Amino acid sequence: MPGLALLTLRARKGGFAGTFVALLLAAAVLSACGILLESGIRAGSAPERYAAADVVVTGRQEVELTLKDLDGSTVEEARPLTERVPLKASVAGRIASVDGVRTVIVDRGAAVRLATGDGRPVTGRHGAAPEAHTWSGARLGDEVLLETASAPRSFELAGLVSPAGGRAPRLPVAFVSDAAMDRLGPVVHAVGVLADPGTPAARAADDIREALDDSTLAVHTGEGRGRAEFLDVTVSGSNLVVLAAAVGGNVLLIAVLVLFGTASLSVRHRRRELALLRAIGTTPGQIRRLVAVEAAVTGLAAGVLGCPLGLLLVHLLRDRFAGHGIVPPDFGLVVGPLPFLGAVLVTVPTALAAVLAASLRVSRIRPTEALGDAAPESRGPGRRRVVTGGVLLVLAAGVFVTGAARDTDFFTLVGLANSLVLLLVIAVAVLGPLVARAAVGLLGPLVGRTGVTGYLAAANTRADAVRLAGAIVPLVLAVSFAATVVFAQTTGLRESADQLRSGLVADHVITAPNGVSPELASEVRDLAGVRSATGLVRSQVVGVGTLLGAQEAVSLGAQGVDPRALGEVLDLGTREGDLTALSASTVAVSTTTASWLGLGVGDTARLTLGDGTPFRGRVVAVYERGFGFADVTLDHDLLLAHTTRRADESVLVRSGGPSGGRAGAAVSGLPEALAAVAADHPGAVLRDGLAVDEQLTEQRANAWVNYLVVGLVIAYTGITVVNTLAMGTAARRREFALLRLSGTARRQVAAMMWKESAVVVVAGVGVGTLLSLFPLALVSLAVSGSPWPAVPGLGYLAIAGGTAVLAVAGTMVPTHVLLGIRPVEAIGSKE
């Protein structure tokens, strides 16, 4: 049987091309995602300041949460923390008492804004913010400005230091004396350990872990010291793990759907061959073994050849992720054998499952019925498929009605929308022939009125609903899935931009690339003509929500503002409660967060701040403009104290006198005064308002990841569409030859195929568009309370036009090839 399978592969290269390409792309994408996943777990930058330490102890940059599942059982889940987790000074003493520890060095640090003597800001590679640490350094005699949470301070440079080898440091560091560091408000970043001579670093690390016995601490050796030193590498690595898993999971799902479609098509075109094997005594088991060997060989070849493509793809993805700020530009990749092995181990079983499922019915044909049953199929779906499709449609209708009946439960609505699009696509795949017949019933009469070629095209589309469905369903999958994902993102971005424009009441904004001193807001308040001003600090917090009865951990955007300025510089759109009651022991949440966490005014919110500190606060207000600003709003000073940089992102200023007047003659000199104050702080600039595009940077990056998934889906769909239509067209060579021998001109045959393609495109794009409207309505309800999503015309044309081009190319390219064959040769050719 293996020999026969290899002969079949050689004889039917074209028939296996679509399956091979689909598996090749799957292996490439899965191996690339595997490399990203492993890199997120293991990768890091080489240590610089910590390079001489054998062991480095830091706070654990994640919080461990105990969640309840649907069945009542508990599960542990870790969520990354975006702010540096500080250490207690007492940790150093505990480490010093461990056997094998020679020296313990406490690394105290503070995030600073660094500027030269003339006020020019200094940043590191890729715009990295500087830090101050205890020691001495820099160039003798020059002056620099250091600014943290207070006014800028001048320091005299005493020398310069650089990493070993003279390479440029990844992070700019200013080393100061212990006394100077005390004035900068430092925290303990890490504890470095030098082991006794002859004591391996790994053994010292194990002894330290055992002595500390603290799950909130992390012990690093080797390359892990770089992750301990550079917080951005640790945080981006955690984000990369989530993104790689999401992209890989979506690709695997689409790959399965595509492979089942291509395998079914390939088996359908081999019905006569397989029926003949049954007629000469081949058992069903032997036929299944034959197709299994073919699939295994195809999957193995595609998997092996796809892995090198994955290596090229992963560098492209890393660069794109860096371009959108998801990972640092110098984020290193870990390339090992596991991602490639995993990709092969996924592609081969997937190919086997798809082919065996498609060949199940053919292998069961009785020898006496084999050749008769092998005639081309023209009937519609069987009773079981009709029942299954009907059940799926009923479930989809129930999901939509359930979602539309809910009020503001954001996460449930989004979850229902995701489930709805899958139910609808699967239902259409199951009921494909019925969908094709309905489309032909609507479009056939129109096409039939366009002359002889239109009459022939309409007759052909009516003749074989199964063949037509094989062409329409992939288009439906592409358009519905792509439209749902893309326009869900555009809807969210539109709502965020609208909320930002409506909610920002401030007249002026002072901002800087690496933040501004919290004292700047106090200086601004003292200026004549300033009605209100607040520093705006941003971070992330972790909460526990409930979705359909199961608890899930979620990271939420948080902002800190002065409660006195709420309503003056920011209008968050209060729905319930009183935002002015915000304090160090209370919290305000957006409507989406209230829905997710099950909170209302008066409830207690249980959150974990960005540096791992637990927070319990009473909810004093629920507001509507969370998409534009933040999911959670906290007291400014409270949130600031638990951030790494200890800096405001910006200062928001509202002009006008106590009477409430807006900017005018009374405050005509305010912009100049604000600009003068900003000039005293390194890098600070005055603007008339928040730049909406800059505020949406993170959301645009998340949208780009979804666009990436859409691109992969369309690529897969393109394989299916082109393969389906090309094989279907190639199988009609005798039909074309007969038409030409009966007097039909080449251009008439081509015109007939153009019109058949038009039926396929209009049906596929139309049904796909219709299916996407229902989940998009749920997404829009969740985001804006309106059922009308944001659908940019150019975006829709790109999706519809792209799928149309694929469909037309898959039909017309083989058509023109076949029309180049002499009719007398084509009429006698084998199938």
Side-chain angles (χ1 to χ4, degrees), residues 36-44 58-70 73-87 214-220 224 227-228 230-249 321 325-327 331 410-411 414-415 538-560 587 589-590 592-599 604-617 626 630-634 638-639 642-644 698-699 701-702 705:
L36 292 175
L37 186 67
E38 186 175 10
S39 300
I41 296 172
R42 296 175 49 199
T58 65
R60 186 182 177 190
Q61 284 298 146
E62 59 183 12
V63 58
E64 192 80 24
L65 300 171
T66 302
L67 309 175
K68 289 185 178 180
D69 210 342
L70 283 172
S73 60
T74 59
V75 60
E76 299 293 327
E77 181 178 344
R79 298 291 294 189
L81 297 171
T82 56
E83 309 291 350
R84 185 177 293 278
V85 177
L87 286 180
D214 190 339
S215 61
T216 65
L217 301 177
V219 181
H220 307 273
R227 295 175 70 93
F230 303 115
L231 179 63
D232 60 337
V233 173
T234 303
V235 173
S236 60
S238 300
N239 294 334
L240 196 60
V241 169
V242 176
L243 292 177
V247 173
F321 281 141
I326 297 173
V327 298
F331 188 87
F410 171 79
F411 288 95
V414 172
R538 296 187 187 274
S539 183
Q540 284 193 344
V541 299
V542 177
V544 176
T546 303
L547 179 61
L548 301 177
Q551 287 187 330
E552 292 188 13
V554 61
S555 295
L556 303 167
Q559 65 181 4
V587 62
V589 298
S590 67
T592 56
T593 303
S595 163
W596 179 235
L597 303 185
L599 295 173
T604 299
R606 293 172 172 81
L607 305 171
T608 302
L609 301 182
D611 64 349
T613 302
F615 172 79
R616 302 290 181 269
D631 302 303
V632 174
T633 299
L634 296 163
L638 167 69
L639 188 61
H642 296 281
T643 60
T644 302
E698 183 177 350
Q699 295 183 44
N702 293 333
V705 174

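Predicted model only: the values in this text are computed from it and were never measured.
Contacts of T66 classified as side-chain hydrogen bond (donor to acceptor under 3.5 Å, both in side chains), with partners at least two apart in sequence or in another chain: E76. The ring-ring contact (aromatic ring centres under 6.0 Å, His included) check on F321 picks up W704, with sequence neighbours excluded. The side-chain hydrogen bond (donor to acceptor under 3.5 Å, both in side chains) test applied to S215 returns no partner, not counting sequence neighbours. Remark: T82 engages V235, S539, Q540 in a side chain to side chain contact (heavy atoms under 4.5 Å, CB included) (not counting sequence neighbours). For V219, the side chain to side chain contact (heavy atoms under 4.5 Å, CB included) partners are V55, V57, A205, I208, R209, not counting sequence neighbours. Qualifying side chain to side chain contact (heavy atoms under 4.5 Å, CB included) partners for T608, counting only residues two or more places apart in sequence or in other chains: V63, L81, V542. With sequence neighbours excluded, the residues that form a side chain to side chain contact (heavy atoms under 4.5 Å, CB included) with L638 are F615, L634, D635, H642. By the salt bridge (Lys or Arg N to Asp or Glu O under 4.0 Å) test, R60 pairs with E62, E64, sequence neighbours left out. Every residue two or more places apart in sequence or in another chain was checked for a side-chain hydrogen bond (donor to acceptor under 3.5 Å, both in side chains) with S238, and none qualifies.
Rounded to the nearest 0.5 angstrom, R84 CZ and T234 OG1 are separated by 7.5 Å. Note: R227 CZ to T58 OG1 = 10.5 Å, rounded to the nearest 0.5 Å. Atom CG in L231 sits 5.0 Å away from atom CD in Q61 (nearest 0.5 Å). To the nearest 0.5 angstrom, T593 atom OG1 is 5.0 Å from L556 atom CG. The CG atom of L607 sits 10.5 Å away from atom CG of D631, with the distance rounded to the nearest 0.5 Å. Between the CD atom in E552 and the CG atom in L597 there is a gap of 11.5 Å [rounded to 0.5 Å].
Across all their heavy atoms, S236 and V327 have their closest contact at CB-CA, 3.8 Å. The two residues G617 and V587 come nearest to each other via the heavy atoms O-CG1, 3.8 Å. Considering all non-hydrogen atoms of both residues, A558 and A630 come closest at C-CB, 4.0 Å. Here the shortest heavy-atom pairing between L37 and A244 reads N-CB, 3.8 Å.
A side-chain donor-acceptor contact under 3.5 Å links E83 to the backbone of T644.
Side-chain contact between V544 and L65 is present, with at least one heavy-atom pair separated by less than 4.5 Å.
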**OP:** Please step through side chain to side chain contact (heavy atoms under 4.5 Å, CB included) for the pair V85 and L217, ending with a clear verdict.
**Re:** CA-CA 9 Å; V85 177; L217 301 177; over 6 Å; no
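Applying the salt bridge (charged side-chain N to carboxylate O under 4.0 Å, His left out) test to every pair with at least one member in residues 606-616, sequence neighbours left out, gives no pairs at all.
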